[in-house]
Amino acid sequence: MTDGFFARVYAAVRRIPRGRVATYGQVALLLGVPRGARAVGWALRALRGRSAASVPWQRVVGAGGRISLRGVSGPFVQRKRLEAEGVRFVGGRIDLARYGLQQGRRPRRPRQRR
DNA sequence: CCTATGACCGTGA
DNA sequence: CTCACGGCCATAG
């Protein structure tokens, strides 16, 4: 179960740099499954409380830079975690052109070095 | 094997 | 901008 797709998804998510985000579609693409965005979501959903601590799941967002996670505390927790990494929300959304995987500009850091 | 589900995505009204 | 559809993928019954 963890030797297959799930493990791959988690591995890919772990590769997302701190302070940046990737969309479900991008993660799927990295796995070689161009249209497996939903499958990625399924894998992350399976984390629920489990080894979520070892996977920076908060760095995966929807293609529109919006949090896809649904629920009551879920969305809030994810946002809080991302903001703690320096990811800024504008109008409930994240500027992917700025915080995306390897986009041009450099993301802001929570702790600037003087 | 077949149907249902979901932390998706793009398109069109 | 919001809402509805259809398509896609891996898993769970």
Side-chain angles (χ1 to χ4, degrees):
Chain A
M1 67 187 197
T2 54
D3 288 358
F5 201 74
F6 284 23
R8 287 189 180 185
V9 172
Y10 302 151
V13 174
R14 288 198 191 87
R15 287 197 292 276
I16 302 174
R18 183 170 174 283
R20 293 205 185 178
V21 299
T23 68
Y24 295 88
Q26 290 179 325
V27 173
L29 195 59
L30 290 176
L31 298 177
V33 188
R35 295 160 186 85
R38 296 192 84 164
V40 171
W42 191 271
L44 293 184
R45 167 185 165 287
L47 278 177
R48 291 202 164 185
R50 194 178 174 185
S51 54
S54 64
V55 181
W57 56 268
Q58 70 274 16
R59 295 174 193 161
V60 183
V61 300
R66 248 173 132 324
I67 289 179
S68 294
L69 178 57
R70 301 180 189 183
V72 183
S73 59
F76 177 74
V77 173
Q78 180 170 14
R79 175 169 178 162
K80 189 99 198 255
R81 285 195 167 202
L82 286 175
E83 292 182 324
E85 296 184 355
V87 176
R88 193 151 78 117
F89 282 74
V90 178
R93 290 173 31 192
I94 299 172
D95 183 358
L96 295 182
R98 190 166 164 177
Y99 298 100
L101 275 188
Q102 298 181 340
Q103 301 303 331
R105 314 197 52 162
R106 230 175 271 210
R108 310 176 61 200
R109 312 212 168 169
R111 260 170 277 178
Q112 250 335 331
R113 47 185 165 114
R114 274 179 291 157

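Just so it is clear: chains get the letters A, B, ... in the order the sequence lines come, proteins before strands, and each one is counted from 1.
- Going from atom CG of A:L30 over to atom C1' of B:dC8 covers 15 Å, rounded to whole Å.
- In this structure, the CZ atom of A:F5 is 13 Å from the P atom of C:dA12, given to the nearest Å.
- Residues A:V9 and A:L44 are in side-chain contact: their nearest non-hydrogen atoms beyond the backbone lie under 4.5 Å apart.
- In this entry the distance linking CZ of A:R45 with P of C:dT11 reads 13 Å, nearest Å.
- Note on A:A39: a base of the nucleic acid sits closer than 4.0 angstrom, heavy atoms only.
- Nucleotide C:dC9 holds its P atom 7 Å from the CZ atom of A:R35, rounded to whole Å.
- Residue A:L96 contributes atom CG, which lies 11 Å from atom P of B:dG10 at whole-angstrom precision.
- Residue-to-nucleotide proximity on DNA chain C shows that, of A:R93 and A:W42, the 5′-proximal contact is made by A:R93.
- In the hydrophobic cluster analysis, where Ile, Leu, Val, Met, Phe, Trp and Tyr join through side-chain heavy atoms closer than 4.5 angstrom, A:L47 is grouped together with A:V21.
- We find that CG of A:L29 is positioned 15 Å from C1' of B:dG10, with the value rounded to whole Å.
- The separation between A:L47 atom CG and C:dA10 atom C1' is 15 Å, rounded to whole Å.
- Between A:Q78 and A:I67, the shortest heavy-atom distance links the atoms OE1-CG2, 3.1 Å.
- Taking every heavy atom of both residues into account, A:V55 and A:R14 meet most closely at CG2-NH2, 3.8 Å.
- Of the side-chain N and O atoms in A:R38, none sit less than 4.0 angstrom from OP1 or OP2 of B:dC8.
- A:R66 places its CZ atom 15 Å from the P atom of B:dA7, with the value rounded to the nearest Å.
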